[in-house]
Amino acid sequence: MESEASSKNTSMAKLKIAGSWSGALEVDLDVWTIPMLREEVARRSNCRPESIKLICGGKVLKDGEGNDKLSELGIKNNGKILASRVGADEGKSMKEAFLAEEERSRRLARIKAAAVALAERHVDGSLPMEDFNIELEDQSGKKVHLGSETDQRGVMMGMMLHANAKRLIKQQKYKDALDVLSMGEEAFSLCDPKVIEMIDNIPILQIDTVWCYFMLKDITWLSMAGERLAKARQGIERTHGKDSSRIRILQGGSYPELALHLRLELLEGVVAYHSHQFEKSRKALNSAQDKFLQLQVSDEALSLLISMGYKEREAKRALRMNNQNVENAVEFLIQEKLKKAQKREEDIRRRNEIMEQKRYGMTPLKKAVDLERLNELVSIGFEKELAAEALRRSENDTQKALDDLTNPETNSSIQLYIESKKKKRLRQAADAAIEELISMGFERSRAVRSSGTKEQALNLLIEESMPNPTTEANDGTAFDSTLHSSTGSAGVNNEDMVEGPLHINDTTEERDMEMEDAIVQEITGDSLSDYDIEVTKEGEAIAEYLALLTSTGNSGKDSTQ
């Protein structure tokens, strides 16, 4: 019996506590957790548990999930624990910091999940839930298709995450921005390397990442920064052409990339300086300074553009991107205005197309009806709704749809289906209108008998409710007409989802609409947004590091250290 009792207590141990309370505690290492230990020490110290900090082996013991046992955390018999008492404010701030970190992690996870969900819905021709579509464009605003569907999805995710990170950088939330940039880099890595080589988004992401390192003033990033900047320079030269010749052609002679190159050279100079490569640092910083001076807008030129009705920010941007040439800046602003107008028209057209596609429903693989193929069938004489249903059934296979439309039996079947759907929608609309009238307080039997539009039915019901001997005698009169809805749709049930709905409503997908909307708002459609950099901080950093080079008394030669 004695040996059995002994075996049951093998996990019992003594812990030596010092600090706010000194003594020995007898604990069961396989039962006790950090919160339990903290609470016991706090009780003996006559203070609240959150004001006790426990340290063992040079590490602060954190509660974590609160389920880990002391034995699992490596605490053993005769272990020494330092219990320090923190002030109320410090204890509160520690808790707040922990909660803030948890919230930050949750938000980052939401950002990634929202970007993934948006890319999945907008990359493969699926009918979007929203009244907009996200599409890839080049610097001239033309829509592009890069590689496979996987490549398209990776690029789309990467660009959305990069846009989100840029917003965080503007808010000076550099740590959060780094995490989102890392997600964006991971998304781009899903693409075929040959596809990645065609775009400059990845080099710009690398530069933005090193910029966050620099703004956080963390020296540990140095070696990693050098590698990133080397890749960024290679990528920029590959996509922009030697001496930016390719981008010059694309942008009609303007210089949108100047600020980006300034930031790149500044960061190269900083990395070289901290690597004791002073000559290389000076060369990079001097080149960056030349570009900084090039980007300084004169008061006269700015005043002239403002007097012409342009806002200060857009005037500065135009002058910076056109080498301070006023005439070119004005032409640039005119073209930008035209592009915005064209984009608005295109957005309206595309939104109307999406609404039209939603009326036709989804294909069996949940894709939208291809409007270009639909118009081809309409152009040769087929009725639009009939052709749309044939394309929907055939998964947008034009030849298969044509075969069905020219086959009398199949054509008749499609027409009957369309008519049944129309009747069903009218019935749903009527039922919905009846329920609305009932919710207003009218009896169901009277609401069902009403006819005409909803307004006419409502007026009739109100008249019937008024005391009138002549109408009271006609209560038994029946009305055969149904109530019509001008919209033609009052909702879609699960059966509609299989047969071909008026609109999609995939209730199986739980959407984070708040985060999705936030990401979409950051997608400006501005092809030059990556180059539109306010270079004030860069100018201050250039001056600071050139002064440091001067103060070293170095003749310009690299250090051997």
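On a predicted model such as this, the values are computed, not experimentally measured, just so you know.
- Side-chain contact check for I202 versus I204: every heavy-atom pair is 4.5 Å or farther apart.
- Proximity of a side-chain donor or acceptor of S71 to a complementary backbone N or O of L29 within less than 3.5 Å is detected.
- When only modelled atom types and interatomic distance are considered, S287 and K291 share a side-chain donor-acceptor pair under 3.5 Å.
- To the nearest 0.5 angstrom, N286 atom CG is 8.5 Å from L549 atom CG.
- Looking only at distances, no side-chain donor or acceptor of R233 sits under 3.5 Å from a matching main-chain atom of E268.
- Residues E538 and R263 are paired through a salt bridge, judged by an N-O separation under 4.0 Å between the basic side chain and the carboxylate.
- Shown here for C212 and A177, the closest heavy-atom pair between the two residues is SG-CB, 3.9 Å.
- How far CD1 of I34 is from NZ of K69: 11.5 Å, rounded to the nearest 0.5 Å.
- Counting heavy atoms of neighbouring residues, nucleotides and ligands inside a 6.0 Å radius, atom CD of E39 does not exceed 12 of them.
- Within a 6.0 Å sphere centred on NZ of K173, heavy atoms belonging to other residues, nucleotides or ligands number 12 at most.
- In this model, no donor atom of one side chain and acceptor atom of the other lie less than 3.5 Å apart for S275 and Q277.
- The closest side-chain heavy-atom distance from L25 to L37 is below 4.5 Å.
- Here the straight-line distance linking atom OG1 of T363 with atom NZ of K366 works out to 10.0 Å at 0.5 Å rounding.
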Review point. Should R313 and D532 be marked as a side-chain contact (heavy atoms from CB on, under 4.5 Å) after you check the CA-CA gap, both sets of side-chain angles, and the distance that decides it?
Key: CA-CA 10 Å; R313 190 183 184 285; D532 189 12; 3.0 Å; yes
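- Residues H162 and D208 bring a donor and an acceptor atom of their side chains to less than 3.5 Å of each other.
- With a 4.5 Å cut-off on side-chain heavy atoms, I55 and K53 count as touching.
- For K217 and F214, the positive end sits near the middle of the six-membered ring, less than 6.0 Å away and at most 45° from its axis.
- Within the 4.5 Å cutoff, no side-chain heavy atoms of K283 are placed close to those of K280.
- Using a cut-off of 4.0 Å between Lys/Arg side-chain N and Asp/Glu carboxylate O, K231 and E227 are scored as not salt-bridged.
- A distance of 10.0 Å separates CE of M183 from CE of M157, quoted to the nearest 0.5 Å.
- Between V297 and R320, the closest side-chain pair of non-hydrogen atoms falls below 4.5 Å.
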